[in-house]
Amino acid sequence: MVDQKTHERAELADGNTVCGGCGAVAAGTPPTWTCSVENGERRYFCDDCARENLRAIEGRLDSSWW
């Protein structure tokens, strides 16, 4: 198991996951969403946000740069 802090908005108490880009909510953690570790915190991005920012994600830019 990975021992990392989880971004406060990434995972809700009810087990749902929130997109760090647009705020979309999904049941559980969808396998197609992108997970990014920024400053030691996990952030999840939905398919649409990940697609729109693919070059920045591959360039390892934090989402604050997008």
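Side-chain atoms are counted along with the backbone in the values below, which use heavy atoms only and exclude waters and symmetry mates. These numbers were taken from a predicted model, which means no experiment stands behind them. Count residues from 1 along the sequence.
Taking CH2 of Trp33 as the start and CG of Asp47 as the end, the distance is 8.0 Å to the nearest 0.5 Å. Atom CD of residue Glu52 and atom SG of residue Cys46 lie 7.5 Å apart, to the nearest 0.5 angstrom.
With contacts defined as side-chain heavy-atom distances shorter than 4.5 Å, the pair Asn53/Phe45 does not qualify. For the pair Arg43 and Cys35, the minimum side-chain heavy-atom distance is 4.5 Å or more.
Closest of all the heavy-atom pairs between Asn16 and Gly28 is OD1-N, 3.6 Å. Contact record, Cys49 with Cys19: SG-SG, 3.7 Å, taken as the closest heavy-atom pair.
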Before you tell me yes or no, could you show the steps for Thr29 and Tyr44 under side chain to side chain contact (heavy atoms under 4.5 Å, CB included), namely the whole-Å CA-CA distance, both residues' side-chain angles and the distance that decides it to 0.1 Å? CA-CA 8 Å; Thr29 304; Tyr44 293 95; 3.6 Å; yes
